[in-house]
Amino acid sequence: MDGNLLTNLVDPPILFFFFGIFARLIKSDLEIPPALTKFFSLYMLMAIGIKGGSGLAESGVSREAVLIIISAIVMATVVPIYSYYILRMRLKNLYDAAAISATYGSVSAITFIASSEFISKLGIPHGGYMAVALVVMESPAIVMAVLLAGMVRSKLALEAKATGSKSNRSLPMKKILHEAFTDGTHLMLIASLLIGVATGMEGKKTMSPFTADIFKGMLAFFLLEMGLSVGSRLREMKEVGVFLLGFGVIMPVINSGVALAIGHFLGFAMGDAYMFMILVASASYIAVPAVVRHAIPEANPSLYFTMALAITFPFNIVFGIPLYYKMVTFVWGA
Amino acid sequence: MDGNLLTNLVDPPILFFFFGIFARLIKSDLEIPPALTKFFSLYMLMAIGIKGGSGLAESGVSREAVLIIISAIVMATVVPIYSYYILRMRLKNLYDAAAISATYGSVSAITFIASSEFISKLGIPHGGYMAVALVVMESPAIVMAVLLAGMVRSKLALEAKATGSKSNRSLPMKKILHEAFTDGTHLMLIASLLIGVATGMEGKKTMSPFTADIFKGMLAFFLLEMGLSVGSRLREMKEVGVFLLGFGVIMPVINSGVALAIGHFLGFAMGDAYMFMILVASASYIAVPAVVRHAIPEANPSLYFTMALAITFPFNIVFGIPLYYKMVTFVWGA
Amino acid sequence: MDGNLLTNLVDPPILFFFFGIFARLIKSDLEIPPALTKFFSLYMLMAIGIKGGSGLAESGVSREAVLIIISAIVMATVVPIYSYYILRMRLKNLYDAAAISATYGSVSAITFIASSEFISKLGIPHGGYMAVALVVMESPAIVMAVLLAGMVRSKLALEAKATGSKSNRSLPMKKILHEAFTDGTHLMLIASLLIGVATGMEGKKTMSPFTADIFKGMLAFFLLEMGLSVGSRLREMKEVGVFLLGFGVIMPVINSGVALAIGHFLGFAMGDAYMFMILVASASYIAVPAVVRHAIPEANPSLYFTMALAITFPFNIVFGIPLYYKMVTFVWGA
Amino acid sequence: MTSDGQKMKKVEIVIEAVMLEEIISIIDQAGAGGYTILPTVTGRGYRGYRSGFELTNVFQNAMVFTLVDEEKALIISQEVKKLIQDYAGVIIITDADVVWPDYQKDR
Amino acid sequence: MTSDGQKMKKVEIVIEAVMLEEIISIIDQAGAGGYTILPTVTGRGYRGYRSGFELTNVFQNAMVFTLVDEEKALIISQEVKKLIQDYAGVIIITDADVVWPDYQKDR
Amino acid sequence: MTSDGQKMKKVEIVIEAVMLEEIISIIDQAGAGGYTILPTVTGRGYRGYRSGFELTNVFQNAMVFTLVDEEKALIISQEVKKLIQDYAGVIIITDADVVWPDYQKDR
Ligand SMILES: Nc1ncnc2c1ncn2[C@@H]1O[C@H](COP(=O)(O)O)[C@@H](O)[C@H]1O
Ligand SMILES: Nc1ncnc2c1ncn2[C@@H]1O[C@H](COP(=O)(O)O)[C@@H](O)[C@H]1O
Ligand SMILES: Nc1ncnc2c1ncn2[C@@H]1O[C@H](COP(=O)(O)O)[C@@H](O)[C@H]1O
Ligand code: NA
Ligand code: NA
Ligand code: NA
């Protein structure tokens with residue numbers, strides 16, 4: 001990788017992320033108050049939404065936009081399936097396999113933001129509809145995972161028959177769907193997108209001192225908190241084990257490769273293809289765990305949360321962002 | 001109403017308000033942390049104060065300013081009285097009548113802000129002393145309501161004589177006045193105004209990246225929280241009943257009409273008259289409930305709070321702002 | 001002092017500080033949520049660090065920079081020693097003497113910020129390495145105070161021998177050092193400095209809408225909270241007593257004098273000398289109390305915390321900032 | 001115990017924050033007169049440390065208590081017990097003397 | 001109960017947040033040695049759900065407890081009981097064994 | 001008490017926030033099965049008012065409770081008692097009926 005690509009890392013917000021990890025490792029008491037973390041996370045979604053939505057209002061809905069959104073939904077549905085079959089080759093607890101699959105089928109908004117900053121700095125544009133792709137990828141993975149977990153439950157029930165004293169306490173599908181679609185952060189992103197579409201460039205201009213100018217500072221704080229969280233999760237790494245650790249770094253690369261192939265086949269513009277790879281490669285550590293904890297209570301959150309947050313997220317930030325760029329430029333021949 | 005006027009609603013902060021209501025109605029778990037809500041509300045008051053105060057330092061205190069401030073105090077005193085007599089025509093609990101009167105005599109800073117944005121967009125200026133009017137209208141209504149409640153208490157005591165086991169636990173007037181005048185949000189506004197006056201245009205310039213440039217974004221978050229609050233209150237609407245619901249939408253219109261007449265009679269500039277109408281038409285859902293809960297414990301907060309927040313506030317934002325503008329331009333002939 | 005110097009006080013953030021004190025004195029319920037206070041304090045450190053670090057990247061490390069940093073470490077070590085011997089002349093509880101010494105040897109970042117604003121307004125520059133001086137002065141004072149407290153403990157143990165039922169519950173030095181150096185706010189400043197150095201002017205530019213443009217507004221909120229804290233501490237003033245009150249206002253002046261002499265002797269530039277005086281004259285009310293409460297549990301935090309926050313901090317803001325400027329211009333002959 | 005109090009059970013439940021709503025619906029269905037929620041507590045138990053300072057509330061606890069008669073206490077604790085087979089949580093029952101306003105004496 | 005504890009009453013009060021100060025002054029006036037406040041709790045009772053996530057603290061609860069002897073417990077509960085005729089709240093009294101530092105044994 | 005509960009002691013400790021970690025290590029060392037933390041409480045006691053709204057957490061309290069058998073309750077209260085000679089705090093011990101999940105019955 002040439003030096004140019006590593007400039008991604010010499011950016012204050014990214015450096016604050018590493019600082020956060022470091023602070024936890026040396027057991028500092030540094031802490032971002034939870035109320036602020038929650039606010040920053042809503043702020044990030046507002047910023048993505050306003051930017052993507054106003055871009056969409058400007059450009060209109062092209063044929064490529066529709067193709068990308070359909071591809072996004074397909075990938076969010078398919079990734080959990082093949083992930084599950086890979087995972088069950090080694091995992092004894094099949095509920096864990098289902099839950100982990102959900103996080104990898106879904107997406108990480110902060111990875112999306114960091115990649116968008118990276119590629120914009122290189123002068124390569126991407127469409128406002130990529131924010132729509134981000135939206136539509138959140139929920140299908142959850143639904144898939146719940147179906148997989150349901151399959152597991154039936155199978156185990158068959159096997160165990162009369163043994164089953166531990167009754168099935170998982171939520172009914174209807175309630176899961178309600179949670180998946182009304183999740184606060186999910187709605188915030190959708191609403192911001194729609195408001196961006198409705199108010200267009202005018203709305204963007206009004207909001208931009210807040211949502212764009214001071215964005216990097218807010219991102220620095222949010223990534224600092226992410227770093228702190230990653231740092232505290234690192235201690236639980238041994239629970240995760242070598243197999244899942246490997247999964248956490250290889251899977252994003254495989255997923256990005258599949259996305260690359262689709263993007264090339266369907267003729268996406270390079271910037272869009274890159275962002276699509278990022279979406280497919282990233283894993284969810286906010287929305288999915290919150291729903292899956294209810295939907296698949298038998299799965300261990302220390303596994304799926306730690307993998308998405310403490311393995312795949314930093315891997316994508318440090319290696320994935322430049323690597324996928326190498327891949328896309330190799331194929332598109334920039 | 002022409003399209004021009006509805007542009008008020010196609011503004012990101014206002015749209016986030018509607019989104020907040022919607023999110024509650026579909027039972028999303030979206031939530032702004034209370035610590036942030038409190039901060040945004042202090043921020044809004046700082047922004048109003050700095051802007052109004054520095055404007056006042058610039059313009060000096062004109063004859064019109066003095067007239068407006070006196071009118072504001074008079075209206076904050078008179079509105080509770082006639083409101084009370086209207087309310088007691090139908091309400092059995094006279095304490096409720098007194099408490100509701102207080103909220104309608106007092107004011108809503110966010111309605112003030114939204115109207116100020118609306119009218120500024122139309123290029124019509126208003127004086128910095130309007131922020132002073134906002135300040136002076138907060139407390140007189142509380143005092144009036146307490147006097148009315150005292151009246152009710154004496155009357156009931158006379159009627160009930162020996163029956164009265166439920167002793168009068170309301171606060172002494174001195175303590176009520178202390179609370180009304182030292183209320184944190186009230187003081188914040190006064191202090192910001194004075195600091196705006198003291199530091200003038202220089203102070204405004206120093207602060208404006210914070211208090212003006214990012215203002216719309218902060219307002220969007222605050223209105224989102226307002227929407228969420230309105231949304232949760234909507235469920236208590238049946239407790240409010242048809243009579244009070246009607247009161248909540250008709251009273252602001254009547255009050256704005258009275259204000260219009262006064263403004264015209266005293267020869268206010270159009271922008272000032274409009275803002276004066278807004279002040280008189282709006283109802284308080286932050287400062288007044290906080291004091292009145294102590295001062296008139298016999299009144300039911302689900303009534304007075306819900307009416308001010310969930311009926312009159314949205315009514316003013318959606319219909320009142322353009323309606324009062326129609327009214328003022330009709331008379332002033334813009 | 002000429003009018004020019006008092007302009008320091010006619011600045012919105014400083015006025016919000018006085019407002020905070022006033023609000024507490026009249027027992028207002030005004031309150032900044034603790035989560036926000038914590039955030040503002042981290043924000044301030046980020047802002048100092050980015051600014052100082054990027055300045056350092058620009059200027060490189062000069063001979064003067066090295067001299068200043070060494071002087072800073074020396075003063076942070078020496079001030080606690082002579083403070084301790086002054087204090088023990090009158091204080092019965094020698095643990096209190098040791099703890100108070102630590103706060104005066106250490107520094108206040110907000111005093112640093114306010115002075116930096118003051119002197120920048122007068123057009124006098126200071127080096128980015130002054131932020132490094134701020135960093136290196138935080139911990140040595142704590143170490144010194146712990147050594148002093150250890151001395152006290154041995155002495156008392158000797159005197160009391162068999163009496164000693166109250167076992168020594170202080171932390172081992174290793175743990176104290178860990179706490180002193182991994183304290184969250186301390187690390188935040190160091191990290192921001194290093195990130196400022198690493199990303200240079202580019203990084204500063206990216207971050208400045210957040211860390212510089214809206215700085216004054218954030219400072220206003222933080223100083224408001226400081227004022228509220230000072231206001232509530234004022235009630236504990238009688239516990240402090242006349243001797244310590246005198247110490248709290250005279251010591252900063254003495255310390256600034258010593259710093260002035262060193263600065264002159266070593267030939268610092270005037271702006272650097274002034275900032276050095278400020279550092280030596282200020283006392284710590286955040287980092288030091290947090291560590292010393294563990295390290296010297298026998299000392300009474302109402303004394304050392306109140307002195308640093310409610311006496312020395314306001315003294316420096318109101319009188320110290322212009323006074324030390326008078327002193328430095330008298331010697332440098334501006 | 002203090003004279004004018006009503007002898008009741010105080011049933012305290014510590015539970016994963018994500019399960020708070022189910023607990024409340026159990027309490028409601030048992031016919032309790034009310035409950036009080038302590039929205040954020042942290043803790044350690046059989047399932048390890050639950051810090052409450054993460055990006056997700058998955059590692060956070062909440063606490064709720066309800067004042068009820070012995071019979072309802074039994075129903076609630078049995079229902080909640082089923083839930084805490086899968087979720088972090090514990091149920092604590094103590095004797096309490098409860099004083100209500102006069103007009104609520106009939107609880 | 002545990003040997004070196006002092007037998008006392010733990011008086012817990014859930015109350016509207018706006019009334020916290022009055023409750024504290026009642027506790028002080030009864031001569032209690034102290035109290036502990038849980039500043040934000042939410043709950044449901046006779047007066048409906050009190051969510052605590054509103055713009056005003058009028059719909060928020062607070063909780064406070066004080067450790068006192070039986071006599072003071074009675075005084076406090078009687079005084080507070082008067083208040084909760086008009087305000088949302090409940091009083092909970094339990095037996096507790098309290099351990100103080102040695103130099104405070106005389107409480 | 002309610003039938004299927006285990007008779008235990010609920011040991012509640014109010015302590016300066018800065019000492020929370022030591023308290024927890026005492027609880028851990030006594031072999032308790034767990035604890036629950038209420039991270040921010042305020043209060044008044046022998047050492048005056050501890051407001052919790054300062055720039056430093058030196059004036060803040062925390063509360064923690066652990067459910068243990070009588071023997072461990074005694075050990076914990078003795079250890080904590082030593083600490084609260086120097087630090088603000090109090091220990092409260094009550095009888096409690098605790099319901100655990102089935103697989104934890106062996107506590
Ligand atoms: N022995 C105990 N004492 C106090 N709280 C406990 C105890 N055991 C568990 N808890 C609380 O209950 C939560 C869940 O417990 P567990 O399901 O055992 O992990 C913990 O996070 C603690 O907050
Ligand atoms: N049965 C109960 N159990 C636990 N908390 C209660 C109960 N009843 C009332 N509360 C608490 O006391 C507050 C006021 O109660 P009330 O005055 O009955 O509305 C409620 O918001 C709850 O926090
Ligand atoms: N009598 C009491 N009742 C309830 N809480 C108390 C009592 N005494 C002390 N506390 C709590 O324990 C903390 C420390 O007490 P102290 O060491 O006596 O200052 C106080 O800040 C209160 O939170
Ligand atoms: Na993905
Ligand atoms: Na009004
Ligand atoms: Na110093």
Side-chain angles (χ1 to χ4, degrees), chain A residues 4 6-41 43-44 47 113-114 117-118 120-121 207-228 231-232, chain C residues 32-47 49-51 53-54 57 174-175 177-215 217-218 286-287 290-291 294:
Chain A
N4 186 21
L6 281 176
T7 58
N8 171 41
L9 302 180
V10 191
D11 192 39
I14 302 286
L15 293 174
F16 275 103
F17 173 69
F18 293 120
F19 162 51
I21 298 180
F22 173 77
R24 262 305 161 273
L25 292 184
I26 64 167
K27 302 196 177 178
S28 165
D29 62 355
L30 182 64
E31 195 181 280
I32 309 291
L36 268 301
T37 303
K38 201 160 179 201
F39 166 61
F40 292 137
S41 121
Y43 168 87
M44 294 294 143
I113 285 173
E117 300 276 322
F118 170 77
S120 303
K121 236 197 236 158
M207 296 296 281
S208 78
F210 184 70
T211 54
D213 296 355
I214 64 171
F215 182 80
K216 279 284 183 127
M218 305 288 260
L219 182 61
F221 264 101
F222 193 72
L223 280 176
L224 172 52
E225 167 61 28
M226 296 277 301
L228 292 169
S232 20
Chain C
I32 309 291
L36 268 301
T37 303
K38 201 158 178 202
F39 166 62
F40 292 137
S41 123
L42 293 174
Y43 167 87
M44 295 293 144
L45 297 169
M46 182 190 272
I50 296 279
K51 194 177 159 202
S54 61
K174 208 185 119 199
K175 223 179 147 188
L177 288 178
H178 181 262
E179 282 203 25
F181 288 105
T182 65
D183 171 72
T185 55
H186 190 60
L187 275 193
M188 184 72 182
L189 179 52
I190 295 178
S192 303
L193 247 173
L194 293 177
I195 290 171
V197 170
T199 60
M201 280 302 137
E202 175 95 359
K204 188 183 169 183
K205 222 186 82 198
T206 315
M207 296 294 282
S208 77
F210 185 71
T211 54
D213 297 355
I214 62 171
F215 182 79
M218 305 288 259
I286 299 188
V291 179
H294 285 292

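Just so we're on the same page: letters track the sequence lines, and every chain starts at 1. Since we're looking at a predicted model, the values are computed, not measured.
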Under 4.5 Å from any heavy atom of chain C, what part of [X] do you find: side chain, backbone, both or neither?
X      : value
A:L36  : side chain
A:F16  : both
A:F210 : neither
A:L224 : side chain

query: Are any of the side-chain heavy atoms of A:L15 and C:T199 separated by less than 4.5 Å?
result: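 The answer is yes; the side chains approach within 4.5 Å.
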task: Verify, without hydrogens or angle tests, whether A:D29 (side chain) and C:G184 (backbone) share a donor-acceptor contact under 3.5 angstrom.
output: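 It does hold such a pair.
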query: With no hydrogens and no angle check, is any side-chain donor or acceptor of C:H178 less than 3.5 Å from a backbone partner on A:S28?
result: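 No.
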State, to 0.1 Å, how close [X] and [Y] come at their nearest heavy-atom pair, and which atoms those are.
X      : Y      : answer
A:P13  : C:M207 : CD-SD, 4.5 Å
C:A35  : A:P33  : O-CG, 3.3 Å
C:P209 : A:D213 : CB-O, 3.3 Å
A:A23  : C:L187 : CB-CD1, 4.0 Å

query: Does CZ in C:F181 sit with more than 12 non-hydrogen atoms of other residues, nucleotides or ligands closer than 6.0 Å?
result: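 Correct, the count exceeds 12.
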State the [atom1]-[atom2] distance between [X] and [Y], to the nearest 0.5 angstrom.
X      : Y      : atom1 : atom2 : answer
A:K216 : C:K205 : NZ    : NZ    : 11.0 Å
A:E225 : C:L42  : CD    : CG    : 11.0 Å
C:H186 : A:L30  : NE2   : CG    : 12.5 Å
C:F39  : A:F221 : CZ    : CZ    : 5.0 Å

Where does [X] contact chain A at under 4.5 Å (heavy atoms): side chain, backbone, both or neither?
X      : result
C:T206 : both
C:Y43  : both
C:S208 : neither

message: Using a 4.5 angstrom heavy-atom cutoff, name the option from C:I190, C:I214, C:I195, C:D183 with the most pairs to chain A.
response: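 Most pairs with chain A among the choices: C:I195.
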